[in-house]
Engineer: 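If you scroll down you'll find the structure; I have some questions about it.
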There are 2 protein chains.
Amino acid sequence: MVKRTSFEGDACPIARSLEAIGDWWSLLIIREALFGLRRFGEFQSKLGMAKNILAARLRALVDHGILETAPASDGSAYSEYLLTPKGRGTFPILVALRQWSEAFDDHPEEIATILVDREKGRPVRKLELRAEDGRLLAPDDTALKPRRSSKMVGRSRSG
Amino acid sequence: MVKRTSFEGDACPIARSLEAIGDWWSLLIIREALFGLRRFGEFQSKLGMAKNILAARLRALVDHGILETAPASDGSAYSEYLLTPKGRGTFPILVALRQWSEAFDDHPEEIATILVDREKGRPVRKLELRAEDGRLLAPDDTALKPRRSSKMVGRSRSG
DNA sequence: CTCCAGTGGTTTCATAATGAAACTAAGTTG
DNA sequence: CAACTTAGTTTCATTATGAAACCACTGGAG
């Protein structure tokens, strides 16, 4: 086989997400959808991508249950693309990507926008991973455990 | 031009991250590196990917400052690939992807592992976006503000 | 109802990326 | 130094991407 690798059915949850949203455009489409865009033409002109690619991506996102089509809210016969709860659930992923750029990009001054708390207009906090008891967790403070057994699979060195 | 789209220099921080890690393999390589893998052969056999693709990705990740090469720690003349702080900074992105799968995947029973707090062996908390004052923020509770102005760019409807 | 611009695509074709396999060149082992 | 391992590169077939042309349906003007 020479087909492009698929991660469908892979046991790794990260691979499974990438299967759905791990391409160049999907997350940007979702970002625009979170921002309020709904119509094919809006996505196309805002993202500046080829229409065939956009059509393919929208179809895939609908197939994955991330977007759904609905009759246009303006009363016209066209339809629009709305985020499902699953689609809206990608928000932390987008925030994590944004904050990674803000923290590590070589030219952060080129970043045009800041994500703020709508009510106060103040920048949001950085995402933090915490234990059940609230302790802040770095990568090395975590481990991967098989789902239904108690045998630990250790995370090794990787300082 | 028919070249593949590049997001380099794009003002959107999400596009900028995708430029570096937005392809099928990069995040999986980083995940394995976080788990402790260092050597070309380790990545290749663990991920099962073509060697030419792996070589290209590793080179790109090094170019982006996510990995760095170092003399092998086992004393041999080979070198190994280590995460930089920028590389380790992707941890929240990986956690967000994982948690999204856990929450929304159609077949969560196929997910093999749980991310736990190493010390207690208990599952970690879900990532949460919070305001400066600690309020939990949903997508609609946020807005995007231009970097150096105070003019607000509203997030509109979008459920 | 007819014409015509706008919307939302599909088709076509050239180029780029991916992947499998063969090949290569050091490093390492006996 | 012969054989094997490691870490790639090269080659070639297939797939994905992207630009542009094309097309069907919508919605409004007259």
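Quantities reported herein were computed from a predicted structural model and do not represent experimental measurements.
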Engineer: Within this structure, what is the CD1-to-P distance between A:Ile29 and D:dT17, rounded to whole angstrom?
Structural biologist: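 It works out to 11 Å between those atoms.
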Engineer: Whole-Å distance between C:dA21 C1' and B:Ile53 CD1?
Structural biologist: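 Whole-Å distance recorded here is 13 Å.
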Engineer: Using whole Å, report how far CD of A:Glu80 lies from P of C:dG9.
Structural biologist: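 Whole-Å distance recorded here is 12 Å.
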Engineer: Give a yes/no answer on whether the side chain of A:Trp25 brings an N or O atom under 4.0 Å of OP1 or OP2 in D:dG18.
Structural biologist: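 For A:Trp25, the contact criterion (side-chain N or O under 4.0 Å from OP1 or OP2 of D:dG18) is met.
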Engineer: Among A:Leu115, A:Val124, A:Val95, A:Val116, which residue meets the side chain to side chain contact (heavy atoms under 4.5 Å, CB included) test with B:Leu137?
Structural biologist: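 Going through A:Leu115, A:Val124, A:Val95, A:Val116 one by one, the side chain to side chain contact (heavy atoms under 4.5 Å, CB included) with B:Leu137 is satisfied by A:Val124 alone.
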Engineer: Out of the candidates A:Ile111, A:Leu28, A:Ile30, only one should pair with B:Ile14 under the side chain to side chain contact (heavy atoms under 4.5 Å, CB included) rule; please name it.
Structural biologist: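 That would be A:Leu28.
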Engineer: Let me know the distance between CG of A:Leu54 and C1' of D:dA19, rounded to the nearest Å.
Structural biologist: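 So the CG-C1' distance, A:Leu54 to D:dA19, works out to 14 Å.
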Engineer: Starting at atom CH2 of A:Trp24, determine the distance to atom C1' of D:dA16, rounded to an integer number of angstrom.
Structural biologist: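 The answer, rounded to whole Å, is 13 Å.
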Engineer: In whole angstrom, give the distance that lies between atom CE of A:Met49 and atom P of D:dT17.
Structural biologist: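 Result: 9 Å.
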Engineer: Name the residue closer to the 5' end of DNA chain D, choosing between A:Ala77 and A:Gly48 according to the nucleotide with the nearest heavy atom.
Structural biologist: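 Closest to the 5' end, via its nearest nucleotide, is A:Gly48.
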Engineer: With the sugar-phosphate defined as primed atoms, P, OP1 and OP2, and the base as all remaining atoms, what B/S/- string results for nucleotides 6-12 of chain D, 5' to 3', for protein heavy atoms under 4.0 Å?
Structural biologist: SBBBBB-
Engineer: Is there side-chain contact between A:Glu102 and A:Pro123, with at least one heavy-atom pair below 4.5 Å?
Structural biologist: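 No, side chains not in contact.
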Engineer: Do B:Pro92 and A:Leu129 come close enough that some side-chain heavy atom pair is under 4.5 Å?
Structural biologist: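 With C-beta onward as the side chain, the pair stays apart.
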Engineer: Any side-chain heavy atom of B:Lys51 sitting closer than 4.5 Å to one from B:Phe40?
Structural biologist: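 Result yes, sub-4.5 Å side-chain heavy-atom pair found.
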Engineer: Of the options D:dG18, C:dA20, C:dT18, whose atoms approach the side-chain atoms of B:Arg57 most closely?
Structural biologist: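 Of the candidates, C:dT18 comes closest.
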Engineer: Using whole Å, report how far CZ of A:Arg38 lies from C1' of C:dG8.
Structural biologist: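 Between C1' of C:dG8 and CZ of A:Arg38: 18 Å.
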Engineer: Verify salt bridge (charged side-chain N to carboxylate O under 4.0 Å, His left out) between B:Arg135 and B:Asp141, making sure each step is shown before the conclusion.
Structural biologist: CA-CA 10 Å; B:Arg135 280 166 22 255; B:Asp141 301 322; over 6 Å; no
Engineer: Has B:Gln99 got a side-chain atom pairing as donor or acceptor with B:Arg125's backbone, closer than 3.5 angstrom?
Structural biologist: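 Yes, the answer is positive, given that a donor and an acceptor are paired below the 3.5 Å cut-off.
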Engineer: If you pin B:Gly75 and B:Asp23 to their nearest nucleotides in DNA chain C, which one's is more 5'?
Structural biologist: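 Taking each residue's closest nucleotide, the earlier one in sequence belongs to B:Asp23.
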